[in-house]
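First comes the structure, then the notes that go with it.
Below, read A as the first sequence line, B as the second, and so on, with proteins coming before strands; counting in each chain starts at 1. Every heavy atom of this structure was used, including side-chain atoms; hydrogens, water molecules and symmetry mates were not.
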Amino acid sequence: MEAKKLYITTAIPYVNGTPHIGNALDYLLADIWARYQTQNGHQVRYQVGTDEHGNKIAAKAAELGIAPQAYTDQQYVHFKNLMEKVGASSTDFIRTTDAHHVASVQYLWQVLQPHIYKDIYEGWYCIGHEAFFTDKEVQEMAGVCPDHQKPFEHVKEENYFLRCSDFTEQIRTAINDGTMEIYPDFRKKEFLELIKDGLADVSISRPRKSLSWGIPVPNDPDQIMYVWLDALSNYITVLGYPDNPDWQNYWPADVMVIGKDILRFHAGIWPAMLLGAGLALPKKLLVHGFINVDGAKISKSVGNTIDPVEVIDNYGLDAFRYYFSRHVPTLEDADFTWEKFENAYNNELGNDLGNLLSRVSSMITKYQAGVIGESAQTEHDMSQYHDSMNSLQFNRAIDEVWNMVRSLNQYIDNVKPWEVAKGIGKDPEAEAHLSEILAHCAGALLQIGDLLVPFLPTTATAIHAQFDSGVVKPLDGVLFPKKYIHTPDPHAAK
RNA sequence: CGCGGGGUGGAGCAGUCCGGUCAGCUCGUGUGGCUCAUAACCACAAGGUCGCAGGUUCAAAUCCUGCCCCCGCAACCA
């Protein structure tokens with residue numbers, strides 16, 4: 001297969017806050033794809049980063065009595081830690097305060113000049129949202145933002161606007177003909193519906209007096225760029241745009257991973273920016289859903305947040321990756337409960353896979369002094385797995401791996417190696433037969449290990465280490481030991 | 001009539017495009033088997049008016065009509 005240069009991106013979180021499970025999901029999905037493509041011999045660039053400009057950052061920094069940059073310097077680390085924690089094999093990390101990014105965005109602005117115009121913006125502004133609201137909305141809320149408990153300010157100011165409306169037709173066509181695919185299909189429909197009256201022009205700057213912490217507009221010292229232009233550009237500036245020509249090897253992105261809440265920006269404003277700058281559109285937008293906890297939306301005020309770090313520290317990295325790749329459907333919303341999580345951990349990882357590895361290792365050790373015999377390699381049909389991976393339905397792909405795990409457990413019970421072992425010494429063919437059976441088991445586990453590389457890298461390595469050399473080492477403990485932190489231990493003494 | 005998704009055994013889902021081979025899968029529950037293994041694994045069983053009501057058809061979870069309910073978006077708490 002020809003090695004291709006591929007590029008996958010994740011949304012960059014706003015550093016005003018702590019990382020949450022949704023960020024972790026972004027990194028995980030992108031990572032699964034990146035590892036899968038790398039395994040298939042492609043060269044992958046995988047971008048992550050942090051969004052660090054805006055009034056909320058400035059306000060928070062002022063509250064703490066430090067400079068905005070000092071504040072983001074201490075905040076971005078939390079996100080970087082999370083990426084490492086979930087095992088993200090990212091190749092590029094960007095902060096929107098990076099000098100290169102700042103300069104590149106200013107360059108991009110100039111390229112976009114023909115599609116930028118200045119206009120008066122008049123409306124109601126909420127500092128908490130960093131957004132404008134219509135007269136009607138403000139009336140309904142009686143002039144006070146319910147989320148932030150602050151009155152809306154009436155503002156009349158000069159802003160620069162990006163003429164997204166120039167590109168409505170091109171974008172619609174690209175979405176419809178698959179030049180820029182939106183996965184899943186229902187999100188595509190949702191978005192097309194949203195823009196049926198055309199894309200609205202968007203404000204892309206604000207006067208410095210209203211927005212101090214951001215990238216200055218070139219040639220207009222009084223204006224600062226508004227968040228989206230700054231943040232969205234990261235996907236190309238991180239590649240080196242415009243000065244490092246290598247960016248052209250990786251743009252357009254093959255997959256952009258985003259949450260359903262930001263589809264409109266990534267399918268509307270961002271493509272308009274790209275088209276305006278004469279750049280290609282990304283090939284696919286992978287839109288994932290949200291994670292609910294105990295059936296309810298995650299909310300800090302309700303206090304039902306799930307800390308990905310806690311999950312990983314208690315159960316291990318692969319347990320985390322397993323649950324969020326298999327039990328969280330890639331394209332839809334999902335529910336997390338500790339009970340579901342722990343059941344999946346104990347039953348599926350422990351009993352199905354971990355125990356399978358134990359029983360096979362044990363038999364090879366016990367019956368053959370650890371030596372794995374020769375076996376005709378029977379290739380399991382993997383088309384379902386690969387189809388699912390290619391259509392970005394990772395949960396279905398890993399389901400397929402579990403079908404193999406189950407089949408292998410069934411196989412062992414059918415052929416009963418322990419019975420065959422009893423025949424050694426009596427039946428002249430027993431030894432060869434047993435060797436063949438166990439070699440088949442080891443081979444199947446190795447194959448399972450290969451398929452798990454994108455999902456459970458640690459486990460895949462462990463399986464490989466166990467069988468790869470042809471000699472099984474005595475097991476050093478077990479994979480996925482039982483844990484009963486959130487569910488009752490069924491074997492506990494009464 | 002704003003837009004979208006969904007309602008299938010106790011739970012979570014597949015199947016719906018192309019009607020029959022469909023009522024399926026995983027978990028849970030029960031019974032049995034086995035002993036290589038993490039009190040695991042394997043087999044079998046119980047359990048469903050496929051949201052409701054009409055219609056089309058020899059035949060509907062699947063197609064048509066109407067209705068009810070849940071969720072999401074619109075409305076950057078992700």
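If you take atom P in B/rG48 and the same atom in B/rG6, they sit 26 Å apart, rounded to whole Å. Of the C1' atoms belonging to B/rG9 and B/rA53, the separation is 23 Å, rounded to the nearest Å. Atom name C1', nucleotides B/rG7 and B/rA45: the rounded distance is 28 Å, in whole Å. For the P atoms, the distance linking B/rG33 with B/rC50 amounts to 37 Å, nearest Å. B/rC70 and B/rU65 have their P atoms separated by 23 Å, with the value rounded to a whole Å. Using atom C1' as the reference point in both B/rG10 and B/rG55, the two lie 34 Å apart (nearest Å). Spacing of C1' atoms, B/rC76 relative to B/rC17, comes out at 35 Å, to the nearest Å. For the P atoms, the distance from B/rC34 to B/rG28 is 22 Å, rounded to whole Å.
Heavy atoms of A/F186 sit under 4.0 angstrom from primed sugar atoms or phosphate atoms, though from no base atom. Residue-level contact check: A/Y367 touches the backbone only, with heavy atoms under 4.0 Å from sugar-phosphate atoms and none from bases. Within the nucleic acid shown, A/I21 comes within 4.0 Å of at least one base atom, counting heavy atoms only. A/D261 comes within contact range of the sugar-phosphate backbone alone, with a heavy-atom separation under 4.0 Å but no base atom that close. At a threshold of 4.0 angstrom between heavy atoms, the contacts of A/E339 with the nucleic acid are absent. If you check every strand for non-hydrogen atoms under 4.0 Å, A/G259 touches nothing. At the heavy-atom level, A/K196 lies nowhere under 4.0 Å from the strands shown.
Separating the NZ atom of A/K188 from the P atom of B/rG4 is a distance of 15 Å, rounded to the nearest angstrom. As a whole-Å value, the separation of A/N346 CG from B/rA39 P is 11 Å. As a whole-Å value, the separation of A/R264 CZ from B/rA74 C1' is 7 Å. Taking atom NE2 of A/H266 as the reference point, atom C1' of B/rC76 lies 12 Å away to the nearest angstrom. Put simply, NZ on A/K260 is 12 Å from C1' on B/rG6, counting in whole angstrom units. Whole-Å rounding puts the A/H327 NE2 to B/rC25 C1' distance at 13 Å. One interatomic measurement links the two molecules: CZ of A/F265 to C1' of B/rA78, which rounds to 12 Å at whole-angstrom precision. Between A/I412 atom CD1 and B/rU35 atom P there is a gap of 15 Å when expressed in whole angstrom units.
Note on A/K422: a side-chain N or O is less than 4.0 Å away from OP1 or OP2 of B/rU35. An OP1 or OP2 oxygen of B/rG28 is reached within less than 4.0 angstrom by a side-chain nitrogen or oxygen of A/N347. The phosphate of B/rA43 (OP1 or OP2) has a side-chain N or O of A/Q410 nearer than 4.0 angstrom. Side-chain N/O atoms of A/R396 include none lying less than 4.0 angstrom from OP1 or OP2 on B/rC13. The phosphate of B/rC27 (OP1 or OP2) has a side-chain N or O of A/R406 nearer than 4.0 angstrom. Considering only side-chain N and O atoms, A/K189 lies under 4.0 angstrom from the phosphate OP1 or OP2 of B/rG5.
Side-chain proximity of A/D352 to the nucleotides B/rG4, B/rC41, B/rC36 is greatest for B/rC41. Proximity note for A/D413 (side chain, C-beta onward) versus B/rC36, B/rC76, B/rU38: the nearest is B/rC36. With B/rG12, B/rC42, B/rC36 as the candidates, the nucleotide lying closest to the side chain of A/R359 is B/rC36. Closest contact between the side chain of A/K340 and the listed nucleotides B/rC41, B/rC76, B/rG12 involves B/rG12. With B/rC76, B/rU38, B/rC36 as the candidates, the nucleotide lying closest to the side chain of A/W228 is B/rC76. Comparing atom distances between the A/Y226 side chain and each of B/rC76, B/rG72, B/rC36 picks out B/rC76 as nearest. The listed nucleotides are B/rU35, B/rA78, B/rU38; the one nearest the side chain of A/I291 is B/rA78.
Summarising the base pairing, B/rG66 is matched to B/rC52 through a Watson-Crick or G-U wobble pair whose two defining distances lie under 3.5 Å. Both distances falling under 3.5 Å, in either a Watson-Crick or a G-U wobble arrangement, occur for no nucleotide opposite B/rU35. Searching all strands for a Watson-Crick or G-U wobble partner of B/rC44 with both distances below 3.5 Å returns B/rG30. When Watson-Crick and G-U wobble pairs are counted only if both distances are under 3.5 Å, B/rC73 pairs with B/rG2. Searching all strands for a Watson-Crick or G-U wobble partner of B/rG24 with both distances below 3.5 Å returns B/rC13.
You'll find the ring centres of A/Y235 and A/W270 inside the 6.0 Å limit. If you look at A/W402 and A/Y322, their ring centroids are closer than 6.0 Å.
Salt-bridge annotation for A/E157 and A/R206: present, with a side-chain N of the basic residue lying under 4.0 Å from a carboxylate O of the acidic one. Between A/D399 and A/R406, no side-chain nitrogen of the basic residue sits less than 4.0 Å from a carboxylate oxygen of the acidic one, so the salt-bridge criterion is not met. Here A/R396 does not pair with A/D387 in a salt bridge; the nearest charged N to carboxylate O distance is not below 4.0 Å. Ion pair A/D31/A/R321 flagged as a salt bridge, since at least one NZ, NE, NH1 or NH2 atom sits closer than 4.0 Å to an Asp/Glu carboxylate oxygen.
A side-chain donor-acceptor contact under 3.5 Å links A/D230 and A/H101.
In this view, A/K284 satisfies the salt bridge (charged side-chain N to carboxylate O under 4.0 Å, His left out) rule with no residue, not counting sequence neighbours.
Residues A/H288 and A/L194 each lie close to RNA chain B; by heavy-atom proximity, the contact nearer the 5' end of the strand is made by A/L194. Along RNA chain B, the nucleotide nearest to A/G22 and the one nearest to A/N351 differ in position, and the one closer to the 5' end is contacted by A/N351.
A cation-pi arrangement is absent between A/K340 and A/Y323 under the rule of less than 6.0 angstrom and at most 45 degrees off the ring axis.
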